[in-house]
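Here the structure is laid out as structure tokens; the discussion comes afterwards.
Chain A is the first sequence line, chain B the second, and so forth, proteins listed ahead of strands; every chain is numbered from 1. Bear in mind the structure is a predicted one, so any value in this text is a computation, not a measurement.
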Amino acid sequence: MQEEYDATSVESHVQDVWNANQAFEVTEDETRPKYYCLCMFPYPSGSLHMGHVRNYTIGDVLSRYKRMQGFNVLQPMGWDAFGLPAENAAIKNNTAPAKWTYQNIDEMREQLQRMGIAYDWSREFATCTPEYYRWEQWFFTQLVEKGLAYKKMATVNWDPVEQTVLANEQVDAEGRGWRSGALVERRQISQWFLKITQYAEELLEETEKLDGWPDAVRTMQRNWIGRSEGVEFDFALADGDVAGESAIRVYTTRPDTVAGVTYMAVAAEHPLATHAAESNADVQAFVDECKKTGTSEAAMEKLEKKGVPLGIDAINPVSGEKVPVYVANFVLMTYGTGAVMSVPGHDQRDFEFAKKFGLPIKQVVQSTNEAVDVSEAAFTDKENTVSINSGQFDGLDFSACFKATADFLAANANGDKKVNYRLRDWGVSRQRYWGCPIPIIYDKDGNAHTVPEQDLPVVLPEDVAFSGVNSPIKEDPNFFNTTVPGTNEPGTRETDTFDTFFESSWYYARYACPDADAMLDSRANYWLPVDQYIGGVEHAVLHLLYARFFHKLMRDVGLITSDEPFTRLLTQGMVIAETFYRDDDGKPEYFNARELDLTYDDKGRINGATLKADGKPVTVGRIEKMSKSKNNGVDPIEMIDKYGADTVRLFSMSDSPPHQSLEWKDGGVEGMNRFLKRVWREVSRLPSDAGQHLFDQEELNDEQKALRRKTHETIAKVTDDIERRYTFNTAIASMMELFNEASKFDDRSNSGFAVQHEAYGALIRLLSPFTPHITHEMWAGLGYESALIDEAWPEVDEEALVRDSITLVLQVNGKRRSEISIAASASKDECEAAAMADENVIKNIDGKTVRKVIVVPGKLVNIVAN
RNA sequence: GCCGAAGUGGCGGAAUCGGUAGACGCGCCGGAUUCAAAAUCCGGUUCUGGCAACAGAGUGAGAGUUCAAGUCUCUCCUUCGGCACCA
């Protein structure tokens with residue numbers, strides 16, 4: 001070993017050794033337990049960012065650790081290659097999305113390989129290839145035949161200038177299209193849906209069993225599915241049929257409050273609103289205004305609550321009173337029946353609306369412990385309550401009144417107890433080019449026919465030019481003109497493509513058998529489910545729910561046998577960094593730290609920045625997620641060139657636990673680099689035959705025992721931190737502590753060498769999942785001939801952990817006053833006696849009476865005195 | 001608006017089951033080495049007072065439970081993530 005650590009040469013050499021041995025290619029092996037570790041695959045934007053580095057390092061640490069534990073480890077990598085950015089780049093740079101994407105993949109693969117992740121590259125694939133997407137086309141045809149995929153009208157953002165559908169992301173905060181600046185409108189078009197609601201109950205039930213998932217993610221999924229129990233029933237219209245309807249059907253989870261209904265509200269798209277708009281200009285204007293809101297839920301909910309009376313009354317089936325019907329912007333056509341009953345006394349939103357429009361507020365539920373005034377705020381409790389002003393239901397509590405009212409509504413208002421879900425069916429149609437073509441052909445009557453298996457894949461033409469923003473295949477007769485399957489009749493292909501979540505919902509399974517001549521083959525059942533899945537917390541609901549849904553669909557088609565795709569889940573936090581900007585004209589211009597000269601105050605905090613180019617000041621902004629728009633990214637490749645991949649990997653794991661955000665700090669990176677250089681130097685100075693020195697635990701002196709104890713305490717801690725806690729930052733801290741002790745240890749005796757060699761041998765193996773290159777070389781430097789990746793994880797020697805004495809903290813009235821060293825075997829009474837004899841304790845209880853003494857064995861003694 | 005998370009020294013964070021608040025790293029201060037600097041090494045570093053021993057304060061704010069609260073309970077504030085066509 002050279003005395004100086006040169007990361008670049010070490011890393012390229014070690015990577016060559018791995019590549020030459022195909023060290024990470026795996027096959028099914030029934031003799032060993034399998035471990036499938038997967039990181040969310042990247043969108044090939046063209047450059048690796050720190051979020052990727054963090055994500056893939058976490059996966060590699062776990063994979064390499066499990067390999068050393070004896071598992072048959074699969075860790076694959078691929079490309080989530082369809083998506084909007086390729087189209088944006090195509091429009092901007094006049095290149096075909098396919099070409100742009102494949103180039104990006106080549107660049108990113110090269111960058112990724114410099115990180116030294118233990119991937120089985122033989123399984124790599126990109127989702128934009130027909131070899132991949134043909135199987136999801138096939139799968140979709142199966143779903144159509146099973147009735148799990150269907151067509152219906154759905155709302156989209158329509159840009160009236162570009163004459164195209166926009167993604168939510170392409171609509172700005174003011175509701176304008178990103179390119180045209182025109183006000184976006186809501187428009188209804190016919191689209192394909194998957195019946196995820198049919199699996200809502202199973203998805204919900206199994207959420208409870210996912211105990212390897214973070215509770216926060218499970219809670220979010222549970223809330224997203226949003227199961228509720230309630231009653232669906234009719235409010236009869238007071239003055240006969242309107243628009244062919246005799247009643248308004250509503251769904252409520254609070255049938256106990258029906259007597260308190262004082263008005264009703266329907267969505268802007270509800271048939272009654274549409275009908276009223278025909279003869280009422282106010283309603284028409286309001287419905288038109290509602291169309292100008294974006295389609296996102298956040299945009300709708302943030303709206304000021306508004307409504308217009310339809311001039312229609314309905315009859316409250318419990319009280320018999322006439323109540324007015326409004327059209328309101330907060331009612332969603334997509335949830336329940338598109339109409340709600342409003343109980344301002346017992347629902348806060350209804351309350352606010354009633355106050356605004358001067359509608360009556362009626363109390364029908366009373367608290368049994370305190371006075372309630374519903375003219376001040378809605379009373380929404382369901383416990384310790386009793387019904388009032390509700391006729392025959394007076395005096396009942398929530399659950400009794402729920403049941404009695406439900407029975408009454410069943411008999412008198414077409415009532416039906418119903419379970420509802422907030423979850424809506426998954427709309428998979430996208431009016432975009434760079435995606436998987438939906439394998440459907442329409443005949444001249446517009447009937448949909450699935451493309452037969454032998455005609456798959458429907459290949460997306462890759463050699464296209466964009467004229468404007470519209471999808472080229474929508475304007476390409478060579479693509480859409482075809483014949484109806486099984487006939488000679490002319491037909492037209494579907495020109496919409498799948499949501500890109502379609503590809504990412506099953507890729508994890510395809511890695512098991514990337515070359516299979518079917519969607520999946522039997523190898524999938526060897527590798528699945530994924531034992532550990534790792535990715536950004538922003539995917540906590542959508543991607544993870546869709547993948548769970550797809551897994552169940554694939555199970556029910558007979559492709560796999562497991563119920564859930566991901567046994568354990570780790571959601572990592574964002575990588576963040578300081579931002580710097582100038583805001584001269586209301587549109588901030590962001591600068592990267594590299595373009596700036598920074599000044600610091602005497603505490604080391606940044607207190608000023610000037611632009612190198614013009615020497616003028618720049619505002620120091622807040623710390624935000626690394627992004628192109630904030631120009632606060634740090635290029636991983638630059639960092640690897642400067643410090644080496646091991647340092648970058650180690651820093652990305654060291655500074656905060658994986659689920660929290662990670663602040664990128666140059667000083668922190670330098671600190672990790674210093675640590676690795678120090679370890680390298682110490683190891684290079686050790687004799688490479690130190691493994692020959694033996695020791696006898698009984699014969700060791702106190703210092704030797706102390707270092708052995710530290711070695712084995714560290715093994716125990718690092719193992720627990722990786723395996724159970726996922727706190728890599730504390731694992732790294734404890735390895736540094738071990739190094740700090742081992743490097744200070746300068747005992748040149750035979751036993752001293754042996755104990756020190758044991759410490760470094762353990763440290764190198766513990767560190768190897770984090771920094772695999774440098775540890776590979778150091779392992780050889782210690783005199784071992786085997787490759788480090790084939791070594792076993794170090795084991796704890798319980799004998800080394802034994803302590804003779806411990807530190808006992810002494811408190812008086814809960815305040816720490818002293819500490820003493822005492823035999824580890826001391827009894828409670830001995831601890832108490834020793835505490836009472838301590839000088840500082842005596843001083844602090846002087847003149848007081850001891851009321852109580854609490855002894856926590858091995859920790860502390862607390863003396864309560866006054 | 002709804003759902004979820006976070007808030008601890010100058011900074012990132014640690015404190016795992018209610019038991020020594022501040023591990024480890026960064027920064028800063030002092031020293032060694034050097035013609036000098038970088039690098040490296042050694043020591044110090046929550047705040048206030050004190051030469052020190054030690055004393056007092058202290059985990060976003062406010063209350064509560066307990067011998068003991070960063071940790072448990074309640075109320076509130078701030079910041080961040082998701083909200084179905086970004087991936």
The ring-ring contact (aromatic ring centres under 6.0 Å, His included) partner of A/Phe549 among A/Phe501, A/Trp506, A/Tyr199, A/Trp224 is A/Tyr199
Could you tell me if the ring centre of A/Phe550 sits under 6.0 Å from that of A/Phe502? yes
Of A/Asn813 and A/Gly668, the one whose nearest nucleotide on RNA chain B sits closer to the 5' end is A/Gly668
For B/rA84 and A/Arg422 - does any side-chain N or O of the residue sit under 4.0 Å from the phosphate oxygens OP1/OP2? no
Pairing partner of B/rG81, by Watson-Crick or G-U wobble and under 3.5 Å for both distances, is B/rC3
pair_partner(B/rG30), Watson-Crick or wobble, both distances < 3.5 Å, evaluates to B/rC42
Applying the 3.5 Å cut-off to both distances, the Watson-Crick or G-U partner of B/rC54 turns out to be B/rG49
**Asked** According to a strict under-4.0 Å criterion, is A/Asn223 in side-chain N/O contact with OP1 or OP2 of B/rC2?
**Response** no
For B/rA14, the nucleotide meeting Watson-Crick or G-U wobble distances (both under 3.5 Å) is none
Answer for the Watson-Crick or wobble partner of B/rG19, both distances under 3.5 Å, is B/rC67
Which of B/rG81, B/rU40, B/rC67 is nearest the side chain of A/Ile854? It is B/rC67
Query raised in the report: Checking A/Thr727 side chain against A/Thr730 main chain: does a donor-acceptor pair fall under 3.5 Å?
Result: no
5'-most contact on RNA chain B (nearest-nucleotide basis), A/Ser654 vs A/Asp721, goes to A/Ser654
Under 3.5 Å donor-acceptor pair, A/Lys815 side-chain atoms to B/rU20 base atoms: no
| request: Determine, stepwise, if the pair A/Thr647 / A/Asn673 fulfils side-chain hydrogen bond (donor to acceptor under 3.5 Å, both in side chains). | output: CA-CA 5 Å; A/Thr647 294; A/Asn673 191 238; 2.8 Å; yes
Within residues 858-866 of chain A, the residues having a heavy atom closer than 4.0 Å to RNA chain B are A/Lys859, A/Leu860, A/Asn862, A/Val864
B/rC74 -> Watson-Crick or G-U wobble partner, both distances under 3.5 Å, gives B/rG62
Using a cut-off of strictly less than 4.0 Å, decide whether A/Arg674 has a side-chain nitrogen or oxygen near OP1 or OP2 of B/rG27. yes
Against the side chain of A/Val856, the closest entry in B/rU16, B/rG19, B/rU20 is B/rG19
